[in-house]
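Each ligand, and each atom within it, is numbered from 1 in the order the structure gives. As a basis for the values below, the full set of heavy atoms in this structure was taken, side chains included, without hydrogen atoms, waters or symmetry mates.
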Amino acid sequence: MTKAYEKLQKCLACVREKTDFVPQVALILGSGLGALADEIDAVATVDYADIEGFPVSTVPGHRGRFVFGSFGGVKVVIMQGRVHFYEGYSAEDVLLPTRLMAMLGAKILFLTNAAGGVNKNFRAGDFMLITDHIMSLFPNPLIGANVDELGPRFPDMSEVYDAQLRSKIIKTAQKYDIPLQQGVYCQLTGPTFETPAEVRMLAALGADAVGMSTACEAAAAKHAGLRVCGISCITNQAAGISPTPLSHEEVFETANRVAPLFRQLVRESIISFGEA
Ligand code: HPA
């Protein structure tokens, strides 16, 4: 057994001491989007700090706990706050929460994030359904001993973002009249925002949005056999497209401004996952 799997087993035992809840959907909430967890009738919560060995997020706006509950009969575990590479965590630690939620029983991972708009047609406050990602600009997070208990050494990535789930999200957006862009998300490590030259490079590579999370979690979930989907909240135009300097405050402000609509889209999409 790998060390990574041993650690996961310990974390799982810690959570199982507190709740026997088996989620269908795992939901990761990005910067400024955490309030969705307050809308669920929580049947249990588990603070990351109470899980032995669990990486605790240091970023303002990331709460640091699992919330268990249901949206319209669909059982959900919400990660209210995630951990990032730029905080100094190893790839193994960044992937641990996603893998743990898979071990709790989740079959679907729903990713959300705040992202910069690389596509010039995108405006701050837009939502983008993630159709695919680019993760190859830093070391692959699955490098190292493969966790055979979770998935294969060479996982297929030809459809990371499940077509059927994407179609349900598109239908949900249409039903509630919520404008929805679609595009490719590129993950960089951060914590610097990009330079304008880097943003031009990303555009040339085919990216529509850029951020500091998500693709690695999607890859870990796909490795573990989960169905994956994700929506970016475009909180700002990327550097060089935006006429003003970038800041975490701007990211937070935009995310907060559009959060009610974003929450509606995510919640109703999850409910639609429970329908045939
Ligand atoms: N770049 C990277 N990450 C981000 C951005 C950005 O412009 N906006 C929100 N997260």
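Taking a cut-off of under 4.0 Å to the non-hydrogen atoms of V251, the atoms of ligand 1 that pass are 8 (N), 9 (C). Against a heavy-atom cut-off of under 4.0 Å, F193 is close to the following atoms of ligand 1: 1 (N), 2 (C), 4 (C), 5 (C), 6 (C), 7 (O). Ligand-side atoms of ligand 1 in range of M212: 2 (C), 3 (N), range being under 4.0 angstrom from any heavy atom.
Within the set T235, T254, L246, the minimum heavy-atom distance to atom 9 (C) of ligand 1 is found for T235.
E194 OE1, 2.8 Å is the protein heavy atom nearest to atom 1 (N) of ligand 1. Given atom 10 (N) of ligand 1, the protein heavy atom at minimum distance is A114 O, 3.3 Å. Of the protein's non-hydrogen atoms, the one nearest atom 7 (O) of ligand 1 is N236 ND2, 2.9 Å. G211 CA, 3.4 Å is the protein heavy atom nearest to atom 3 (N) of ligand 1. G116 N, 3.3 Å is the protein heavy atom nearest to atom 5 (C) of ligand 1.
Considering all non-hydrogen atoms of both residues, V83 and E217 come closest at O-OE2, 4.4 Å. Closest approach of G206 and I134 over heavy atoms only: C-CD1, 4.4 Å.
Under 4.0 angstrom from ligand 1, the non-hydrogen atoms of A115 all belong to its backbone.
Looking at T45, its side chain never comes within 3.5 Å of a backbone N or O of F66 through a donor-acceptor pair. Of the possible donor and acceptor atoms, one in the side chain of H223 sits under 3.5 Å from a partner among the backbone N and O of P152.
Taking the ring axis of F21 as reference, the NZ or CZ atom of K75 stays within 45° of it and closer than 6.0 Å to the ring centre.
Heavy-atom neighbours of E275 CD from other residues, nucleotides or ligands within 6.0 Å: above the threshold of 12.
Note: H84 and Y86 have parallel aromatic rings, judged against thresholds of 30 and 60 degrees for the angle between ring planes.
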